There are 2 protein chains.
Amino acid sequence: MSQVDQAARRPTLKQVAARAGVAVSTASLVFSGRGPVSDEMAARVRIAAAELDYAGPDPIARSLRRGRAGVVGVIGEGTLMQALRDPYALGLLDGIMTGLDNTSTGLLLIAQSGSDPEAAIDQIAGTALDAVAFPLCGPRSNPVVEHLAGRGVPMVGTGAPEDDRVVQLTVDNRAAQAEVAAHVRDLGHTRVAHIAMPLNVAEYAVGTPRPFGPAEVTCSDFPDAQQRVRGFRDVFPDGPMITAPVSIEGGQAAARALLAADPRPTAIITQADTLAAGVIRAAEDLGLRVPDDLSVTGFDGVDLPWLPVTLTTIDQGGQAQGRRLAEMMLALARGEKLADEPAPYRLLIGNSTTAPR
Amino acid sequence: MSQVDQAARRPTLKQVAARAGVAVSTASLVFSGRGPVSDEMAARVRIAAAELDYAGPDPIARSLRRGRAGVVGVIGEGTLMQALRDPYALGLLDGIMTGLDNTSTGLLLIAQSGSDPEAAIDQIAGTALDAVAFPLCGPRSNPVVEHLAGRGVPMVGTGAPEDDRVVQLTVDNRAAQAEVAAHVRDLGHTRVAHIAMPLNVAEYAVGTPRPFGPAEVTCSDFPDAQQRVRGFRDVFPDGPMITAPVSIEGGQAAARALLAADPRPTAIITQADTLAAGVIRAAEDLGLRVPDDLSVTGFDGVDLPWLPVTLTTIDQGGQAQGRRLAEMMLALARGEKLADEPAPYRLLIGNSTTAPR
DNA sequence: CTGAAAGCGCTTACAG
DNA sequence: CTGAAAGCGCTTACAG
């Protein structure tokens, strides 16, 4: 009462009903359209609403009553910037938004700092969420899982975090990467190097390429990177390997290091299309032609129209994957139970690979 | 009662309090930390919470009581994909997220279809929002403004939508673009063309470059594009003008058209760095060197490390602008009144411009 | 088809 | 420092 003048309080359904001379419950029915209301009553309510400048039922009150927030969340590890620089992540996010269209379900963006992942919990604790997705290649374990599970918020992931309470939609990364490698082997390549995504969390802070050996693969923080390395090694057990931040610059720097070897590799298999784009750039810098002097492969199947070649890569169908993630979140929010499921992928053969000369 | 078994109901504060043998109000104080509670009471409550697996107060109920949703929204016109392909938009969004860090305020992403902008209202009507930003170069008028104003949700924009109820943080686009043009003129250029962002909504659907004349400038749907065209014309009243979708491909196609003229322009002034990148690509295709054969300017000041030159452009400081938008939303959500304010910018002189030969 | 009542889960004055 | 009460704005059985 004493704060009435502090801000023009919004009118409530109660006031609208009073003005229309009907019960609140009737007025509610008019807005939700869930019950039968005579045209006359409905008209009276609508007029009263217009007169009072009532813009519809308060979403918070409705959420409390219905027990549903009408919002799902997307958790991205690291800076948004960093994550969305990758067109694959962008496609995934776009797919999720598309899947949410005409659902009246909102999408909340949650960035989780790599250096202080616990901080995200406080943020999340304050927001109502019906379901959550971890769409990006995140780390194997994540403290927010415990918090969300405690709140009963269902979760979906694409391989990470690894937890029974997270429903997974995963590409068989190992098999897919092995398929690419087999294609390269079948072309006749024997000196083949591999550029992997970062294998552990600390590496993200560093940001420079780092050679690694088989021993490190076991203890990787990132399941996707790990599985892809395994796929590569299934075909080329002895090829040199290096990690790089997933960016054009990262791929370029890593390729520069790999191509300094003598004899240099005739093919480089990377774990991301952006990495492959960097390799191509490095090759150009060195005056090497792709694919004649160097075969290059990617992973993801994103659209990079400005590349001088079309990549041989694994098409993960990022948009479709995002749409499916959205569907899964919506189903989980409705209380349905879901099982893990495989995400489709296929080998795309472009002209970035050819037989070695 | 009859649905008790349908889903494991989350424990409530009431249950925690009962178990701890304290009043609900006391238990509430323990979680919010807003009142003085003895250590013993607090401990009892925490233990009870742990035993019941209580993950903290329900955010929806808290929001209803507090009258604050803890969520602000960002409205992007067009596909998310489309919007975020532009590194400037990405930087802005990243800045907004950064500005929201440590605030326990969530960020809701709202995509508003260009073909059916009214559809966004239904989506928005269902979600609780404390404030909203229109960060991108959107159209002059937007139906969601009316809805949000009706709900009392404060809004900030960067020049659009144009409405008294939207607080604006705007770069003086006309002055900034004129400053770039003056720099080019001072270098000695006289045959100078302009590539503008789309001038009207319909154009977004088309997606191909389209020459336009001064008459069309008056009725542009997009204030930013309009003001930048005016800035160009302040210096080069007779230069040829063309619109293009804001992308590398768009800039490339537009430049191809402009460079077909005889005599061809010695400089092209664009309204976005990505457009400028496209111009450089088109120049390369034609065997023209930048800046020797063709001077090129951008707008935005985004990081394009892979460009062969550094762009002469207007640095809008996208990240900082995003952070400021976040601050403004938070202030408005607190009930503060804000006035329109200018956003800083500065001319950055790179090596994409030089005197004509 | 309409209305009166209960209650979603919490927080905040207010008394003690 | 602790507790009992009111109420945030709505929706949903339930009676009529």
Side-chain angles (χ1 to χ4, degrees), chain A residues 1-4 6-7 9-45 48-49 52 54-70 125-128 130 151-152, chain B residues 1-4 6-7 9-45 48-49 52 54-70 125-128 130 151-152:
Chain A
M1 271 298 172
S2 58
Q3 284 136 293
V4 150
Q6 188 171 313
R9 297 201 79 69
R10 295 281 96 212
T12 68
L13 190 58
K14 197 173 159 189
Q15 291 166 37
V16 172
R19 179 164 194 125
V22 304
V24 238
S25 46
T26 307
S28 173
L29 260 22
V30 172
F31 288 103
S32 69
R34 290 185 181 229
V37 182
S38 69
D39 289 352
E40 196 214 321
M41 284 286 149
R44 262 166 54 196
V45 170
L52 290 175
Y54 180 72
D58 180 319
I60 300 180
R62 160 182 279 169
S63 291
L64 178 59
R65 191 48 240 244
R66 292 210 176 139
R68 199 75 67 70
T127 38
D130 294 332
R151 273 171 60 182
Chain B
M1 273 295 170
S2 57
Q3 284 138 293
V4 150
Q6 189 169 311
R9 298 201 79 69
R10 294 280 98 212
T12 68
L13 191 57
K14 197 172 159 190
Q15 291 167 39
V16 172
R19 179 164 194 122
V22 304
V24 238
S25 47
T26 305
S28 173
L29 260 22
V30 171
F31 288 104
S32 69
R34 291 188 181 227
V37 182
S38 68
D39 290 352
E40 196 214 320
M41 285 287 150
R44 265 168 49 198
V45 170
L52 290 175
Y54 180 72
D58 180 318
I60 301 181
R62 160 184 279 169
S63 290
L64 178 59
R65 190 50 239 246
R66 291 210 177 139
R68 200 74 69 68
T127 37
D130 295 331
R151 273 170 61 181

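If you're wondering where the values come from, they're calculated on a predicted model, not measured in any experiment.
- Every residue two or more places apart in sequence or in another chain that forms a side chain to side chain contact (heavy atoms under 4.5 Å, CB included) with Arg19(B) is listed here: Ala48(B), Glu51(B), Leu52(B).
- Scanning both residues, Ala20(A) and Val45(A), for their nearest heavy atoms gives CB-CA, 3.9 Å.
- Listed by chain and number, the residues in a salt bridge (charged side-chain N to carboxylate O under 4.0 Å, His left out) with Arg151(B) amount to none (sequence neighbours excluded).
- With sequence neighbours excluded, the residues that form a side chain to side chain contact (heavy atoms under 4.5 Å, CB included) with Ser25(A) are Ala23(A).
- Remark: DNA chain D forms stems of 3 or more consecutive Watson-Crick or G-U wobble pairs, all pair distances under 3.5 Å, at C:1-3 with D:14-16, C:5-12 with D:5-12, C:14-16 with D:1-3.
- The two residues Ala49(A) and Phe31(A) have their closest heavy-atom pair at CB-CZ, 3.9 Å.
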* Go along nucleotides 4-11 of chain D 5' to 3' and tag each nucleotide: B for a protein heavy atom under 4.0 Å from its base, S when only backbone or sugar atoms are that close, - otherwise. => B-BBBBBB

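- Between the side chain of Asp130(B) and the backbone N or O of Arg68(B) there is no donor-acceptor pair closer than 3.5 Å.
- For Ser28(A), the side chain to side chain contact (heavy atoms under 4.5 Å, CB included) partners are Leu13(A), not counting sequence neighbours.
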